[in-house]
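FYI, the numbering just counts along the sequence from 1. Remember, it's 1-based here, ligands and their atoms both numbered in the order they're listed.
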Amino acid sequence: MPAIVIDGKAVSLKIREEVKQRAAALGERGIAPCLAVVLLGENPASLSYVTAKEKALTEAGMKSRDIRLSAGAAETELLSLIAELNADKTVHGILVQLPLPAHINTDRIISAIDPAKDVDGFHPVSVGNMVLGRPGFLPCTPHGVVFLLKELKIPLSGAHAVVVGRSNIVGVPLANLLVRRDVNATVTICHTGTRDLSRHTLEADILIAAAGSPALIKPEMVKPGAVVIDVGVNRVPDSAKEKGYRLCGDVDPAAAENAGYITPVPGGVGPMTIAMLLQNVVQAAEVYNYE
Ligand code: NAP
């Protein structure tokens with residue numbers, strides 16, 4: 001039987017509605033939740049992510065301050081901008097769209113953001129809080145995946161979750177969230193050094209692909225009935241499309257024949273990432289020290 005397709009968009013819309021209500025409640029107190037969105041250069045994928053985030057903020061009744069710098073902007077310029085935004089009491093969250101141009105030290109930039117405004121959850125303080133299970137901002141994509149699994153009432157406790165990918169923004173934080181007591185999964189992390197990837201993926205009750213490799217996960221790599229979460233968003237050249245490319249996940253769509261549940265690309269994890277960002281921004285504005 002083909003897999004049930006998980007509607008990430010539907011779940012995300014519910015969250016966005018809740019965020020809108022929380023933002024409206026802040027509005028009644030005279031607070032306008034605001035995210036500063038910083039983009040360097042004109043990378044088409046980054047531009048489309050940033051536009052989607054800004055649109056979602058507006059729809060949730062929140063403000064975005066769009067700051068565009070040239071791809072050649074100096075690191076010192078970006079650091080001064082962050083210092084200004086840190087000090088600005090009308091800005092509750094700061095998002096610097098990644099990846100940054102090669103001449104900029106990404107770690108230095110992320111570390112410069114005030115952890116109280118780190119709505120991407122990438123600052124070492126946020127990461128430390130996440131690992132220790134303390135309150136703080138959770139990174140949006142990993143949190144979105146866990147939220148989706150919980151919302152769908154997928155049995156997680158004791159399940160074997162296999163995460164393919166170990167990046168700091170997806171794979172590693174996701175594995176950390178899955179192993180927490182509130183989720184209680186047993187986690188395996190795979191990467192390019194993993195010997196015989198299929199051996200691991202075939203053992204997964206929950207298989208999460210976050211490798212950035214189009215259709216890496218083939219149907220024969222999926223245990224029958226497994227829950228398959230496809231985080232990958234890859235642009236594959238396609239002359240039949242007006243834009244010249246199509247979006248493709250890290251999972252071969254034919255894997256739906258084996259899986260119990262599967263997320264589509266687009267419409268699966270992507271909308272959840274944006275919903276979690278909105279949730280972090282409204283949370284930042286709720287707990288902000290306004291004195
Ligand atoms: P990344 O930084 O490039 O990391 C990819 C990870 O996958 C690395 O750890 C790499 O291993 C591993 N990997 C790559 N090919 C592999 C293979 N053949 N076998 C096993 N492991 C492999 O990418 P990322 O930032 O984590 O993003 C991953 C994907 O998710 C991308 O397609 C990205 O566009 C997408 N994404 C989607 C959202 C969303 O909202 N839907 C958000 C963020 C990212 P090594 O460490 O050994 O190199």
Side-chain angles (χ1 to χ4, degrees), residues 6-9 11-12 15-16 37 43-56 95-100 102 106-107 110 119-122 127 138-149 161-178 187-204 207-218 220-222 228-237 245-253 255 262-280:
I6 295 173
D7 190 347
K9 183 140 192 234
V11 176
S12 77
I15 301 162
R16 286 167 69 157
V37 181
N43 173 319
S46 294
L47 206 54
S48 84
Y49 291 140
V50 159
T51 309
K53 288 168 188 174
E54 289 167 349
K55 183 165 171 272
L95 182 149
V96 179
Q97 183 64 41
L98 303 181
L100 289 169
T106 303
D107 286 346
I110 291 173
V119 290
D120 253 341
F122 295 160
V127 177
L138 296 177
C140 303
T141 302
H143 190 200
V145 169
V146 171
F147 196 103
L148 195 56
L149 291 169
V162 175
V163 180
V164 183
R166 60 172 161 189
S167 74
N168 287 342
I169 61 169
V170 189
V172 165
L174 185 49
N176 269 284
L177 293 179
L178 289 165
V187 181
T188 299
I189 307 179
C190 300
H191 43 76
T192 57
T194 298
R195 244 181 265 141
D196 193 358
L197 183 61
S198 304
R199 185 167 72 79
H200 298 282
T201 61
L202 275 168
E203 294 212 338
L207 175 59
I208 302 170
S213 177
L216 171 70
I217 305 297
K218 306 290 178 209
E220 61 274 17
M221 295 167 76
V222 176
V228 179
I229 305 291
D230 191 352
V231 180
V233 180
N234 307 293
R235 290 183 172 204
V236 178
Y245 68 86
R246 66 191 153 82
L247 291 185
C248 167
D250 287 350
V251 179
D252 184 335
I262 197 162
T263 57
V265 176
V269 174
M272 290 302 295
T273 297
I274 294 196
M276 293 297 123
L277 173 68
L278 298 180
Q279 216 177 51
N280 280 351

Is Arg166 close to ligand 1, meaning an N/O of one under 3.5 Å from an N/O of the other?
-> yes
Just wondering, do Ile262 and Val222 contact through their side chains at under 4.5 Å, heavy atoms?
-> no
Leu207 side chain reached by Val251 side chain, heavy atoms, under 4.5 Å = no
Would you say ligand 1 has an N or O under 3.5 Å from any N or O of Val233?
-> yes
Within a distance under 4.0 Å of any heavy atom of Asn234, pick out the atoms of ligand 1 and give their elements.
-> 32 (O)
Can you check whether Met272 reaches Val11 side chain to side chain, under 4.5 Å on heavy atoms?
-> yes
Side-chain heavy atoms of Phe122 within contact of Asn168, under 4.5 Å | no
With respect to atom 5 (C) of ligand 1, which of Ala211, Gly8, Ser167, Gly193 exhibits the smallest heavy-atom separation?
-> Ala211
Measure from atom 29 (C) of ligand 1 to every heavy atom in Gly212, Gly165, Ala45 and give the option owning the shortest one.
-> Gly212
Student check: side-chain heavy atoms of Leu95 and Leu277 closer than 4.5 Å | yes
Per-atom filter on ligand 1: closer than 4.0 angstrom to a heavy atom of Ile169 are 25 (O)
Please examine the side chains of Tyr49 and Val233, heavy atoms only from C-beta on, and report whether any two atoms are closer than 4.5 Å.
-> yes
What atoms of ligand 1 come closer than 4.0 angstrom to any heavy atom of Val170?
-> 26 (O), 43 (C), 44 (C)
Is atom NZ of Lys55 surrounded by more than 12 heavy atoms (other residues, nucleotides or ligands) closer than 6.0 Å?
-> no
If hydrogens are left out, which of Val145, Val172, Val231, Ile274 has an atom nearest to atom 38 (C) of ligand 1, that is, the closest non-hydrogen atom?
-> Val231
What are the atoms of ligand 1, with element, lying closer than 4.0 Å to any heavy atom of Gly270?
-> 40 (O), 41 (N)
With side chains defined as the heavy atoms from C-beta onward, is the minimum distance between Ser12 and Ile274 less than 4.5 Å?
-> no
Which is it for Thr141 and ligand 1 at heavy atoms under 4.0 Å: side chain, backbone, both or neither?
-> side chain
contact_flag Thr194 ligand 1 heavy-atom lt 4.0 Å = no
Answer yes or no: is there a side-chain heavy-atom contact under 4.5 Å between Val187 and Val163?
-> yes
Restricting to heavy atoms, the pick from His191, Met276, Met272 nearest atom 21 (N) of ligand 1 would be His191
Are any of the N or O atoms of Asp250 closer than 3.5 Å to those of ligand 1?
-> no
Please work out whether any backbone atom (N, CA, C, O) or any side-chain heavy atom from C-beta onward of Thr273 is under 4.0 Å from ligand 1, and answer side chain, backbone, both or neither.
-> side chain
